[in-house]
Novice: 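Got a structure for you, questions after.
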Amino acid sequence: MKAARYHGVRDIRLEEISEPVTGSGQVKIRVHFNGICGSDLHEYFHAPMMSPMTPHPLTGVTVPVVLGHEFSGEVVEVGPAVAGLSVGDKVAVEPTVNCRRCAACLAGSYNLCREIAAVGYSWPGGGGLGEYAVVDADHCYQLPAGMSTREGALIEPLAVALHAVRRGEVQADHAVAVHGAGPIGIGVFLTLRAYGVDNITVIEPSAARRAAIEAVGATDIIDPTASDVVAELRERTDGAGVARSFDTGGAPATFLNAVRSTAARGRVVVVAVHQRPVEFNPTEILFGECEIVGSIAYCHDYPEVIDLMARGAFPYDSWVQTVPFEDVVTVGMEALRNQTAIKILVDMTNLS
Ligand SMILES: [Zn+2]
Ligand SMILES: [Zn+2]
């Protein structure tokens, strides 16, 4: 079968490899669509952060590995001891793999597993950039009738966004700022809207990204290159600052602006990988007793995302585009890095 395998920095190869074998408790999926993630860009352009260069402690996998963790497809084979899934079912895959025995796993917070692995980085059964992938059946979520597999491939990044909103403990009457309108920022915005939050300000320097989030309903948008973000957010809240801030941008300015414009006893949610350290004096959170929390991946969030998606909460025409498999690196990775695209799905349905 065809697959895009990660060998190292600037080394993703489109290769012909053997199909993964379906084991007990597993299903084989014919992949339909796979989204390229910011973390894939990091692996390709910067350094392996998720891809194991030595055997992964949980799965034993070492690069090269089939990339792709944001995917959907159709079940084509059902292994022994699988209940509730049949050939022909359309599914979205929750790619994180956990040990089920560390303290975090036992407490139910499987996204915080000490030995976490992921389909698409450290999993032996292939990933979303392969024609077929084998995954544990309990990582598959059936798409409801009428939901396309194109939408199905967006469930993973939207689950990252929804988890961040849950970590924010946002209430409908909160003033909220979303720093960054990439895929996660857009997902956070749409989830907040679905939760009934009206007072949302989005901060985004790219004109294309501002237009994309405006197209899905954002009305209060600040260009940080043209105005003082902290002053503007304070002015919009009678000096108090916003109750909740989301750093989805992962730049020093997005983090610092978020901290400095958050109200007393407010909360900042960091849901972005920062490439470099931020110079920050913790005294800044002392006087307002502000909280800063992290949010990683998702934990029991897929069903709610699927439910909201089925109700039309996640329009995606303005921010998602599709490329053929052959163009995954040359067009896909490059366009995301140059910010000429916001979210790219790789169409795996007609591999030549
Ligand atoms: Zn991702
Ligand atoms: Zn664990």
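We count ligands from 1, going down the list as the structure has it; atoms in each ligand are counted the same way.
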Novice: Passes side chain to side chain donor-acceptor pair (under 3.5 Å), Gln275 versus His42? Steps please.
Specialist: CA-CA 9 Å; Gln275 303 288 355; His42 182 89; 3.1 Å; yes
Novice: Are the aromatic rings of Tyr110 and His300 close, with centres under 6.0 Å apart?
Specialist: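 Yes, they do, as the ring centres are separated by less than 6.0 Å.
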Novice: Below 2.8 Å, any N, O or S contact between Asp40 and the Zn ion (ligand 1)?
Specialist: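 Within the cut-off used here (under 2.8 Å), Asp40 places no N, O or S atom near the Zn ion (ligand 1).
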Novice: Please say whether more than 12 non-hydrogen atoms of neighbouring residues, nucleotides or ligands are located less than 6.0 Å from CZ in Arg10.
Specialist: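 For Arg10, atom CZ is crowded (more than 12 foreign heavy atoms under 6.0 Å).
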Novice: Please calculate the SG(Cys102)-the Zn ion (ligand 2)-SG(Cys113) angle and round it to 10 degrees.
Specialist: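 Centred on the Zn ion (ligand 2), the SG/SG angle is 120° (to 10°).
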Novice: Should the heavy atoms of other residues, nucleotides or ligands under 6.0 Å from CG of Asp238 be counted, would the total exceed 12?
Specialist: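 Counting neighbours around CG of Asp238, 12 or fewer heavy atoms of other residues, nucleotides or ligands fall under 6.0 Å, so no.
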Novice: Once rounded to 10 degrees, what value does the angle at the Zn ion (ligand 2) take between SG (Cys99) and SG (Cys105)?
Specialist: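 Between SG of Cys99 and SG of Cys105, the angle at the Zn ion (ligand 2) is about 120°.
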Novice: What is the name of the N/O/S atom in His69 that sits closest to the Zn ion (ligand 1)?
Specialist: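 The nearest such atom is NE2.
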Novice: Would you check if there is a donor-acceptor pair between the side chains of Thr59 and Ser122 at a distance under 3.5 Å?
Specialist: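 Distance-only check fails for Ser122 and Thr59.
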Novice: Nearest 10° is fine: what angle sits at the Zn ion (ligand 1) between SG from Cys37 and OE2 from Glu70?
Specialist: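 About 90° at the Zn ion (ligand 1).
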